[in-house]
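Worksheet: the structure to be examined is printed underneath.
Protein chains get the first letters and strands the later ones, always in sequence-line order, with residue 1 at the start of each. When reading the values below, keep in mind they use all heavy atoms of this one structure, side chains included, and skip hydrogens, waters and symmetry mates.
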Number of protein chains: 2
Amino acid sequence: MLKTKRSDTRNDVRREALRLFSENGYAAVSMRDIAEAVGIRQGGIYNHFASKQDLLADLMTGHMETLIEALNEALSDVANPVARLQAFVRFHVGYHIDKPDDVFIAYMELRSLEPDHRERLHTLRDRYEGVLRDILTEGAVHGLFRIPDVAVQTRAIIAMMTGVTVWYREGGRLGRRDTMESYVQMTMQSVGLIEPAGGERQCSIKP
Amino acid sequence: MLKTKRSDTRNDVRREALRLFSENGYAAVSMRDIAEAVGIRQGGIYNHFASKQDLLADLMTGHMETLIEALNEALSDVANPVARLQAFVRFHVGYHIDKPDDVFIAYMELRSLEPDHRERLHTLRDRYEGVLRDILTEGAVHGLFRIPDVAVQTRAIIAMMTGVTVWYREGGRLGRRDTMESYVQMTMQSVGLIEPAGGERQCSIKP
DNA sequence: GCAATGAATGAACGATCATTCATTAAGCCG
DNA sequence: CGGCTTAATGAATGATCGTTCATTCATTGC
């Protein structure tokens, strides 16, 4: 602790605001609440963020950019649609387990953003969903998946996976790895492809 | 209009509060906002509801009780697990399409409830989820479904279906019926059972 | 050591919050 | 008409909201 001396208050504010927004919602958290959690007075926050709205926008865009970058990394060297879909599920579930607060406010507080910020976030979300949509489309075209409607299934899979944040708890019955693999299997089955997991069951795709 | 004369203000308040809470969140909506939407002054609401908190609790419990009753109705004369699962999906998706606001605040505003109300709602939600869990359990026991973890899959399916509220719009590309059937197919596939929809594909369950 | 800088303070601002209440108005039953 | 009930009013309450700002303080570069 010789160079961290000077003020990581900015990140402290980020961290506490994220936690409080996630717990109580943006509108229900006051700047005083955040300041108190950080250990400063309310006025001090404005040395680091121009407004409450800016603070929220900072958290949300920061999260989405990190998320997309990490996704690209996770899929960079995976080629065929089946493997890419599995990798996507593992990444999404794992990320949501690790950063439930980031993910929760990015989903929930879009409506608390003023129009320009909201539109920016919406674009980022579309970009993320687009990756999954492309995987499903490619798999469907190659006859690997049985998908009634790619757009609907894209959103269905994302909603299903994102729900992990509702129930997953560290130290719970299911560990991180088991949870990820459960979602992988459910997802693969949901697109009509059954993994020959135990070897005893198989799905006859095509005649 | 001869007997509706006297004041259905109470229901007007319910309707507008529901809409505003759903649009902006409980904490971001003031009693003045609600009163203005109804067409009265802020004090008038207190002739019908004891507090803002009571108003929210009334909306949420009212919704959950209606939901559960309607579910029981929808499943009352359906026997085998496969048909019951299909009926559950059709019911859930249909209900969520018809009453997106009710459903959204029941999901989102649990945290805005004081502990006693919240616990009550939590019990109702567990009862609802329990119906699906029982269906999945029975189907798995009979070897009809291929489910890695019944508890996880229960929540996964509910999260997947509930997501319909995010994108479904009346008059959109997919109609109500088509949407329901898309979710039916995705759900049936997700539990490892493939409907012989066109007849050309089949899943060999068990040797 | 001294000036410059970044950060925290704490009081103050106008606005808005949920809620209360005495008062007024209006429909209902006799 | 007259008494009774129900509902709406609008002003007032104290609390809390996001934000501003003059001031203080500690650290840093020179």
Side-chain angles (χ1 to χ4, degrees), chain A residues 1-60 105 109 111-118, chain B residues 1-60 105 109 111-118:
Chain A
M1 59 166 76
L2 73 163
K3 222 34 185 312
T4 2
K5 190 65 170 299
R6 205 189 226 295
S7 150
D8 41 356
T9 304
R10 191 180 170 85
N11 276 326
D12 291 348
V13 171
R14 277 205 187 90
R15 177 170 33 81
E16 295 304 317
L18 179 70
R19 185 177 60 80
L20 289 169
F21 287 164
S22 168
E23 275 176 19
N24 309 108
Y26 173 76
V29 174
S30 71
M31 295 297 262
R32 284 172 176 82
D33 293 335
I34 300 169
E36 189 182 10
V38 174
I40 59 177
R41 305 308 147 241
Q42 75 258 22
I45 298 181
Y46 291 86
N47 291 321
H48 306 281
F49 297 95
S51 68
K52 191 186 178 189
Q53 176 74 204
D54 268 27
L55 174 52
L56 176 63
D58 175 281
L59 292 176
M60 292 178 67
I105 72 159
E109 300 296 355
R111 65 180 173 196
S112 301
L113 285 178
E114 285 151 13
D116 48 342
H117 284 141
R118 176 162 45 212
Chain B
M1 57 167 74
L2 74 164
K3 221 36 186 307
T4 2
K5 191 65 171 298
R6 207 196 223 292
S7 148
D8 41 356
T9 305
R10 192 179 170 84
N11 276 326
D12 291 348
V13 171
R14 277 205 186 89
R15 177 169 34 79
E16 294 304 318
L18 180 70
R19 185 177 60 80
L20 289 168
F21 287 164
S22 168
E23 275 176 19
N24 309 109
Y26 174 76
V29 175
S30 71
M31 294 298 260
R32 280 177 174 81
D33 293 335
I34 300 168
E36 188 182 9
V38 174
I40 59 177
R41 305 307 147 245
Q42 75 257 21
I45 297 180
Y46 292 87
N47 291 321
H48 305 282
F49 297 95
S51 67
K52 190 186 178 188
Q53 175 76 204
D54 267 27
L55 174 53
L56 176 64
D58 175 280
L59 292 176
M60 292 178 68
I105 71 159
E109 300 296 355
R111 66 181 174 194
S112 301
L113 285 177
E114 285 151 13
D116 50 341
H117 283 142
R118 176 162 44 210

How long is the line joining OH of Y46(A) and P of dC17(D), in whole Å?
11 Å
How long is the straight-line distance from NE2 of H117(A) back to CG of D58(A), given to the nearest 0.5 Å?
9.5 Å
Here DNA chain D, pairs taken as Watson-Crick or G-U under 3.5 Å and shown with ( ), [ ] when crossing and | when to another strand, reads |..|||||||||||||||||||||||||||
To the nearest angstrom, how far is K52(B) atom NZ from dA18(C) atom C1'?
8 Å
For residues 22-29 of chain A, which side-chain donor-acceptor pairs fall under 3.5 Å, sequence neighbours excluded?
| unit_1 | atom_1 | unit_2 | atom_2 | d |
| --- | --- | --- | --- | --- |
| S22(A) | OG | D101(A) | OD1 | 2.9 |
| Y26(A) | OH | Q53(A) | N | 3.3 |

Give the minimum heavy-atom separation between F49(B) and R14(B), together with the two atoms involved.
CZ-CG, 3.8 Å
Pairwise N/O distances under 3.5 Å, protein to nucleotides 22-24 of chain C:
none

Between dC17(D) atom P and Q53(A) atom CD, what is the distance in whole Å?
18 Å
E36(A) has an atom CD; how far is it from atom P of dG18(D), in whole Å?
13 Å
Enumerate the residues from residues 13-27 of chain B whose closest heavy atom to DNA chain C is under 4.0 Å, giving them by residue number; use none for an empty result.
none
Quick one: closest heavy-atom pair of R111(A) and F21(B), and the distance?
NH1-O, 4.1 Å
Rounded to whole angstroms, how far apart are CD on E114(A) and P on dG18(D)?
14 Å
For residues 31-46 of chain A, dump all side-chain donor-acceptor pairs below 3.5 Å to protein atoms at least two apart in sequence or in another chain.
| unit_1 | atom_1 | unit_2 | atom_2 | d |
| --- | --- | --- | --- | --- |
| D33(A) | OD1 | S30(A) | OG | 3.4 |
| D33(A) | OD2 | S30(A) | N | 3.1 |
| D33(A) | OD2 | S30(A) | OG | 3.1 |

Output all residues satisfying side-chain contact (heavy atoms from CB on, under 4.5 Å) with N47(A), sequence neighbours left out; order by chain, then residue number.
none
Restricting to salt bridge (Lys or Arg N to Asp or Glu O under 4.0 Å), what partner residues turn up for D12(B), sequence neighbours left out?
R15(B)
Using whole Å, report how far CD1 of I40(B) lies from P of dA8(D).
5 Å
Reckon V29(A) touches a base, only the sugar-phosphate, or nothing at all at heavy-atom distances under 4.0 Å?
sugar-phosphate
Specify the closest pair of heavy atoms between M60(B) and I105(B), including all atoms of both residues, with the distance to one decimal.
CE-O, 3.8 Å
Go through dG18(D), dA18(C), dA8(D) for me and flag the one nearest to the T9(B) side chain.
dA8(D)
I need the N11(B) CG to H48(B) NE2 distance, nearest 0.5 Å.
10.0 Å
Please list, for nucleotides 10-16 of chain D, all pairs of protein and nucleotide N/O atoms separated by less than 3.5 Å.
none

I34(B) CD1 to dA8(D) P, in whole Å, measures 15 Å
Let me know the distance between CD1 of I45(B) and P of dC17(C), rounded to the nearest Å.
12 Å
